[in-house]
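Just so you know, these numbers use all the heavy atoms, side chains as well, and skip hydrogens, waters and symmetry mates.
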Amino acid sequence: MIHAKQALLEDGWATDVRLTVVDGRISSVERDVPAVDGDARVDALLPALGNLHSHAFQRAMAGMTEVRQAGRDSFWTWRALMYRFMDRLSPEQIEAIAAQVYVEMLEAGYASVGEFHYVHHQPGGAPYDNSAELSERIFAATSETGIGLTHLPVLYSYGGAQQAALGAGQTRFGNDVDGFQALVAAASSGLRDLPSDARLGIAPHSLRATSPEDLGRVVAGHGEGPIHIHIAEQPREVEEIEAWLGARPVEWLLDHHIVDARWCLIHATHMTGTETRRLAGSGAVAGLCPITEANLGDGPFNGPDYVAAGGRFGIGSDSNVNISLTEELRTLEYSQRLRDTSRNVLTPGEGSVGAFLYSSAARGGAQALAREAGAVAPGMLADLVAINSQAPSLCALSRDSLLDGLVFAAKDNVVTDVWSAGRHMVRDGRHIRRAQVVERYRAAMRELVHA
């Protein structure tokens, strides 16, 4: 049982709310009732967001690529450094990094994560005896930390547009369609050991890392479940796809596939107005990673047109250079303000920008991760976050302004408690296994540095 002094329900704020959670789901919501002995008591309760896009291993290289090199640094120069770093990681280190990342996500207020998992093989590209070895390392980190997982094995067959050969730094990723489908089957088997809220999807990495024929095969063979794809992160990528396939990436995908609610288009950054409106009308989710997109110089998303057309979106931490739920949301809005030299941009009409950003990301993230979450209501997974409304950054605000304060004025340290499918993993602001996870991460990093 959970008792909140105040809770954000589907129809607005309510007082003295008591939730009953059974088998990871909210079975009842009572209003205006007192707490009883045994209740977990919190201040302000919200639906927790899902982090829809993560490459966990990249957390360990945060801060290593912020030195300017000769010439002009870009996403592509960053990628070369990332490849060199990734090629040194062992399975044990990947597991330790993932566990640290998931602790940080939970403490930031995320209840679940979409792990866009593309490191499959040994350094040099030789397969492990168990093709799902590194997926199972992600599962182990998930099990230890209690975060909800949507696992997204990645199909990465080519080194670039026009089916270019994989480069030396990409060999740990590479699979043909048959190998990829075998990997998905092996991962599906391993996923059975996780709690029942764990999900499995697929992630064709991008149009440049697959081919039209291969993409058609994996989508047709997938059946139900999420499909995530990197789509239009960089102008160079857009130009190369248009030169090869005769259409821009979003345009080509919408023309050749039934893009619907199970799709999530990551980094739908560089779109024309027509592409923006078509994607919004498809029912798919735009997966936005504002901190990483700013860090890599990707450019801002076409937010106002997309929101005006009813588009759905969620947020992810991608490279995990800085894991902060509040910072993701405000960076999204601030990117729009800087481009448009305006204020309070990302809302379809009058009203609270913070509330729109938070509630939209909650719904969009849940859809992208195939989780019945994103609202505090009976039948939903108990993906919940509690915040301290009396923290200095929030204490002067009314209920109607609380989400504005959370998004634009607060830090993640206002988070007091987090539940993932009813698992109470963060209490008093700290993950219940923080100490052991952090020590193992530090040991893994010492080993990596001295290797």
Side-chain angles (χ1 to χ4, degrees), residues 49-53 114 206-207 226-235 237-238 241-242 247-255 257-294 296-318 325 327-369 374 403 407-408:
L49 268 63
N51 180 333
L52 57 69
H53 189 66
S206 55
L207 295 183
I227 305 171
H228 289 214
I229 186 170
H230 290 146
I231 194 64
E233 183 173 4
Q234 286 283 321
E237 176 181 23
V238 173
I241 294 302
E242 187 169 21
R248 297 165 58 86
V250 173
E251 177 188 12
W252 187 92
L253 190 69
L254 292 169
D255 284 346
H257 287 270
I258 301 173
V259 176
D260 55 20
R262 65 178 180 156
W263 285 77
C264 181
L265 275 60
I266 306 295
H267 308 310
T269 307
H270 298 283
M271 297 190 291
T272 65
T274 298
E275 286 176 305
T276 299
R277 291 186 292 273
R278 289 185 65 194
L279 178 58
S282 72
V285 173
L288 309 176
C289 307
I291 292 175
T292 293
E293 289 158 0
L296 297 181
D298 290 342
F301 175 68
N302 185 12
D305 290 349
Y306 187 76
V307 166
R312 306 174 191 184
F313 66 87
I315 60 169
S317 58
D318 193 357
L325 187 156
E327 191 70 23
E328 283 308 343
L329 290 172
R330 65 175 155 261
T331 300
L332 173 57
E333 169 67 17
Y334 286 170
S335 69
Q336 311 298 298
R337 296 184 186 190
L338 286 167
R339 181 196 58 218
D340 296 347
T341 61
S342 183
R343 296 194 73 248
N344 297 325
V345 177
L346 281 182
T347 182
E350 296 179 353
S352 164
V353 176
F356 177 78
L357 287 169
Y358 191 94
S359 60
S360 297
R363 292 190 300 269
Q367 176 181 316
L369 300 182
L403 288 178
V407 171
F408 295 107

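Residue pairs that meet the salt bridge (charged side-chain N to carboxylate O under 4.0 Å, His left out) test with at least one member in residues 275-294, sequence neighbours left out, are Arg248-Glu275, Asp255-Arg278. Pairs passing the salt bridge (charged side-chain N to carboxylate O under 4.0 Å, His left out) check and including a residue from residues 342-363, sequence neighbours excluded, do not occur.
Here the shortest heavy-atom pairing between Leu279 and Ala284 reads CD1-CB, 4.1 Å. Taking both residues in full, the closest heavy atoms of Phe356 and Pro348 are given as CE1-CD, 3.4 Å, listed atom of the first, atom of the second, then distance. When all heavy atoms of Arg339 and Pro304 are compared, the pair lying nearest together is NH2-CD, 3.3 Å. Across every non-hydrogen atom of Ala280 and Ala309, the tightest pair is CB-CB, 3.6 Å. Pairing each heavy atom of Gly287 with each of Leu52, the nearest pair is CA-CD1, 3.6 Å. Summarising the geometry of Cys289 relative to Glu328, their closest heavy-atom pair is C-OE1, 3.7 Å, with the distance given to 0.1 Å.
Here the side chain of Glu237 pairs a donor or acceptor atom with the backbone of Glu233 at under 3.5 angstrom. Not one N or O on the side chain of Arg312 forms a donor-acceptor pair closer than 3.5 Å with the backbone of Val285. Without hydrogens or angle criteria, His228 side chain to Leu369 main chain gives no donor-acceptor distance under 3.5 Å. Under a 3.5 Å cut-off, the side chain of Asn51 and the backbone N or O of Ser317 do form a donor-acceptor pair. Side-chain atoms of Glu327 do not come within 3.5 Å of backbone N or O of Ile291 as any donor-acceptor pair. Looking only at distances, a side-chain donor or acceptor of Gln336 sits under 3.5 Å from a matching main-chain atom of Gly303.
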Practice task
Begin with the C-alpha distance, continue with both residues' side-chain angles, and end with the deciding distance and a verdict on side-chain hydrogen bond (donor to acceptor under 3.5 Å, both in side chains) for Thr276 and Asn302.
Solution key: CA-CA 7 Å; Thr276 299; Asn302 185 12; 3.0 Å; yes
Exercise for the section: Would you check, one step at a time, whether the test side chain to side chain contact (heavy atoms under 4.5 Å, CB included) holds for Val259 with Leu253? Expected result: CA-CA 8 Å; Val259 176; Leu253 190 69; 3.9 Å; yes
Practice task
Go through the steps for Ile229 and Leu207 under the test side chain to side chain contact (heavy atoms under 4.5 Å, CB included), then give the verdict.
Solution key: CA-CA 8 Å; Ile229 186 170; Leu207 295 183; 4.2 Å; yes
Practice task
Apply side chain to side chain contact (heavy atoms under 4.5 Å, CB included) to the pair Trp263 and Ile258, showing each step before the final yes or no.
Solution key: CA-CA 9 Å; Trp263 285 77; Ile258 301 173; 6.0 Å; no
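Looking at residues two or more places apart in sequence or on another chain, you find a ring-ring contact (aromatic ring centres under 6.0 Å, His included) between Phe408 and Tyr334. The ring-ring contact (aromatic ring centres under 6.0 Å, His included) check on Phe313 picks up nothing, with sequence neighbours excluded. For His230, the ring-ring contact (aromatic ring centres under 6.0 Å, His included) criterion is met by His53, His55, Phe116, His205, His267, not counting sequence neighbours. Under the side chain to side chain donor-acceptor pair (under 3.5 Å) criterion, Glu333 pairs with Arg337, not counting sequence neighbours.
Atoms CG and CG, on Leu346 and Leu329 in that order, are 10.5 Å from each other to the nearest 0.5 Å. Residue Leu288 holds its CG atom at 11.0 Å from CG of Asp318, rounded to the nearest 0.5 Å. Separation of atoms CD1 (Ile266) and OG (Ser206) is listed at 12.0 Å; rounding is to 0.5 Å. If you take CG on Leu265 and OG on Ser282, they are separated by 7.0 Å, rounding to the nearest 0.5 Å. Within the model, atoms CG of Asp305 and CE of Met271 stand 9.0 Å from one another, a figure rounded to the nearest 0.5 Å. Atom OG1 of Thr269 and atom CD1 of Ile231 lie 10.5 Å apart (nearest 0.5 Å).
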